[in-house]
Amino acid sequence: MTIQRLGTSRRFSDAVTYNKTVYIVEVPANLDADISAQTENLLASVARLLQQAGSDASRILQATIYLADMGDYDAMNRVWDAWVPEGSAPVRACVEARLAHPKYKVEIVLTAACLNDCRPGTADGATAGAPD
């Protein structure tokens, strides 16, 4: 088996796949938006990464959601609940944390199973693999 890194930069990868599992960490791109819009933006990006890896939201196994302000919990959950397919809720934790950028209101770390073998690569073909 090979470790596949999708969208890799010097500091991080957008996603990493190994052994029919995809690992993703995502932050929003719309930094001036409210928590609902940031969560929608983040989850749309997660959906794209899952699709690129050969998975989808129904196959998420575990998620940890970090909020800059726990007062945003209900608004974030409304977006999350509408996005996760019925009957497919993963194990999940949600914690308040000081995030890396002062305008981030939400960040997510998740693990998902791939449909079959994880598909290496991104839409633009940028990958880097490392053997076990």
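These figures come from a predicted structure and were not determined experimentally.
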Do [X] and [Y] touch side chain to side chain, with heavy atoms closer than 4.5 Å?
X: Val16; Y: Val22; value: no
X: Leu110; Y: Val46; value: yes
X: Leu67; Y: Val95; value: no
X: Val106; Y: Asp72; value: no
X: Thr21; Y: Thr111; value: yes

Worksheet item: When clusters are formed from ILVMFWY side-chain contacts under 4.5 Å, directly or step by step, what else is grouped with Tyr23?
Response: none
Is there a path of hydrophobic side-chain contacts, each under 4.5 Å between heavy atoms of I, L, V, M, F, W or Y residues, that connects [X] with [Y]?
X: Trp80; Y: Tyr73; answer: yes
X: Met70; Y: Ile108; answer: yes
X: Ile65; Y: Leu99; answer: no
X: Ile60; Y: Tyr66; answer: no

Practice prompt. Answer yes or no: is there a donor N or O on one side and an acceptor on the other, between the side chain of Gln62 and the main chain of Val91, under 3.5 Å?
Written response: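 Flag not set: sc Gln62 to bb Val91 has no pair under 3.5 Å.
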Worksheet, complete the sentence: The side-chain contact (heavy atoms from CB on, under 4.5 Å) partners of Asp56 (sequence neighbours excluded) come to Ser58, Arg59, Leu115
Rounded to the nearest 0.5 Å, how far does [atom2] of [Y] lie from [atom1] of [X]?
X: Asp69; Y: Met76; atom1: CG; atom2: CE; value: 11.5 Å
X: Thr64; Y: Glu107; atom1: OG1; atom2: CD; value: 10.5 Å
X: Leu49; Y: Ile24; atom1: CG; atom2: CD1; value: 5.0 Å

Discussion item. I'd like to check the ring-ring contact (aromatic ring centres under 6.0 Å, His included) partners of Tyr104; sequence neighbours left out, ordered by chain and number.
Written reply: His101
Worksheet item: Shortest non-hydrogen contact from Leu6 to Gln4?
Response: CD1-O, 3.8 Å
Residues 25-34 side chain polar contacts: donor-acceptor under 3.5 Å, at least two apart:
residue, atom, partner, partner atom, Å
Glu26, OE1, Ser45, OG, 2.7
Asn30, ND2, Ala37, O, 3.1
Asp32, OD1, Lys103, NZ, 2.7
Asp34, OD1, Ser36, N, 3.2
Asp34, OD1, Ala37, N, 2.8

Practice prompt. Could you note down all residue pairs passing side chain to side chain donor-acceptor pair (under 3.5 Å) where residues 83-100 supplies at least one of them, sequence neighbours left out?
Written response: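 Residue pairs with at least one partner in residues 83-100: Asn77-Arg92.
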Worksheet, complete the sentence: So the disulfide bond (SG atoms under 2.5 Å apart) pairs with at least one residue in residues 79-116 (sequence neighbours excluded) are Cys114-Cys118
Discussion item. Is it the case that over 12 heavy atoms from other parts of the model lie below 6.0 angstrom from the CG atom of Asp81?
Written reply: yes
